[in-house]
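Below is one structure, written out as structure tokens; comments come after it.
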Amino acid sequence: QQTGTDAQGNPIWSANQTQMARQLRPGRRSGIVRSLAFSPDGRFLVTGHGDKKLRVWNTRTGVALRTIANVGTVMKTVFGNDGRSFVTVNEQDSRLRIWNLRTLNSPTLLAGHKSQVCGVNVNSAGDRLVSVSAGRASSDEFQLPELIESEMPSGKLVRTVLFGHDVIGKPICCVAFDPDGTAFVT
């Protein structure tokens with residue numbers, strides 16, 4: 001068991017010990033880790049880095065299985081419960097991307113949010129994705145906060161909900177499904 005870390009490593013800590021279980025080393029110029037998520041079976045970890053790369057790790061060996069460049073700054077990562085797909089939220093364009101873990105090529109792009117995506121979650125069945133954006137109000141632009149529900153893994157739009165004027169100045173920053181996946185809260 002390793003017991004230290006450096007600025008270039010991503011530690012994996014044992015939940016029942018005070019020692020680090022494993023350290024993943026993406027490289028010297030990888031930048032800050034902005035997002036990460038374990039696959040439901042714990043075999044894979046997806047990390048989004050400040051160098052605008054996405055990395056997929058084998059958690060048992062600590063080896064980076066794949067590095068995908070030029071994906072932008074990934075701020076959120078969420079796995080679907082099937083373990084075959086995951087969602088990333090890009091800081092620059094507020095678009096969600098649904099990735100197939102096996103191929104990692106050409107993610108499904110979801111359009112719709114007009115302001116920065118603040119929260120994203122997948123239900124327990126793994127067939128629904130909900131994302132929320134905060135909205136914004138400035139002297140030259142006004143966007144209401146919105147919620148978008150999509151099918152997983154196709155990305156097909158289920159519905160869009162625009163929140164009313166009563167939430168302006170009260171950003172909607174998170175969303176969570178209940179345990180059986182039939183309801184969600186923002």
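A donor-acceptor contact shorter than 3.5 Å links the side chain of Thr59 to the backbone of Arg43. A donor-acceptor distance shorter than 3.5 angstrom exists from the side chain of Ser124 to the backbone of Pro179, with no hydrogens or angles considered. Checked by atom type and distance alone, the side chain of Arg34 never pairs as donor or acceptor with a backbone atom of Lys52 at under 3.5 Å. When atom types are taken as modelled, the side chain of Lys76 and the backbone of Cys118 share a donor-acceptor pair closer than 3.5 angstrom.
Tracing side-chain contacts under 4.5 Å through hydrophobic residues (I, L, V, M, F, W, Y), one never reaches Val158 starting from Phe184; they form parts of separate clusters. Linking Ile, Leu, Val, Met, Phe, Trp and Tyr residues whenever their side-chain heavy atoms come within less than 4.5 Å leaves Val89 and Leu157 in two separate clusters. Val175 and Val78 fall into different hydrophobic clusters, where Ile, Leu, Val, Met, Phe, Trp and Tyr side chains are chained together by heavy-atom contacts under 4.5 Å.
Once rounded to the nearest 0.5 Å, the distance linking SG of Cys173 with CD of Gln116 reads 10.5 Å. To the nearest 0.5 Å, atoms CZ (Phe177) and CG (Asn123) are separated by 4.5 Å. In this structure, CZ in Arg95 is found 4.5 Å from CG in Leu109, a value given to the nearest 0.5 Å. With rounding to the nearest 0.5 angstrom, the CD atom of Glu151 is 9.5 Å from the CD1 atom of Ile98. For the atom pair OG1 (Thr47) and CZ (Phe38), the distance works out to 10.5 Å, reported to the nearest 0.5 Å. Thr73 contributes atom OG1, which lies 11.5 Å from atom NE2 of His49 (distance to the nearest 0.5 angstrom).
Scanning both residues, Ala125 and Asn81, for their nearest heavy atoms gives N-ND2, 4.1 Å. Ala69 and Lys53 make their closest contact through CA-CG, 3.8 Å (heavy atoms, listed as atom of the first residue, atom of the second, distance). The shortest non-hydrogen separation linking Asp41 to Ser39 is OD1-OG, 2.7 Å. Nearest heavy atoms, Pro40 versus Gly80: CG-O, 3.3 Å. Between Ser150 and Gly155, the closest heavy-atom pair is CB-O, 3.9 Å.
Under the 3.5 Å distance criterion, with hydrogens and angles disregarded, a donor-acceptor pair is assigned to the side chains of Thr182 and Asp180.
In Asn105, the CG atom is crowded: over 12 heavy atoms of neighbouring residues, nucleotides or ligands sit closer than 6.0 Å.
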query = Between Val130 and Asn121, is a side chain to side chain contact (heavy atoms under 4.5 Å, CB included) present by the stated rule, with each step listed?
reply = CA-CA 6 Å; Val130 174; Asn121 212 322; 5.7 Å; no
request  = Take Leu96 and His113, measure what side chain to side chain contact (heavy atoms under 4.5 Å, CB included) needs, and give me the verdict at the end.
outcome  = CA-CA 9 Å; Leu96 284 79; His113 283 285; 3.9 Å; yes
request  = Could you give me the CA-CA distance, side-chain angles and deciding distance for Val87 and Met152, then say whether side chain to side chain contact (heavy atoms under 4.5 Å, CB included) is met?
outcome  = CA-CA 9 Å; Val87 179; Met152 277 287 287; 3.8 Å; yes
Leu110 and Ile148: CA distance, side-chain angles, deciding distance, side chain to side chain contact (heavy atoms under 4.5 Å, CB included) verdict = CA-CA 10 Å; Leu110 284 77; Ile148 296 178; 5.9 Å; no
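Applying the under-4.5 Å side-chain rule to Ile, Leu, Val, Met, Phe, Trp and Tyr, the cluster around Trp99 extends to Phe44, Val46, Leu54, Val56, Leu65, Ile68, Val71, Val74, Phe79, Phe86, Leu101, Leu104.
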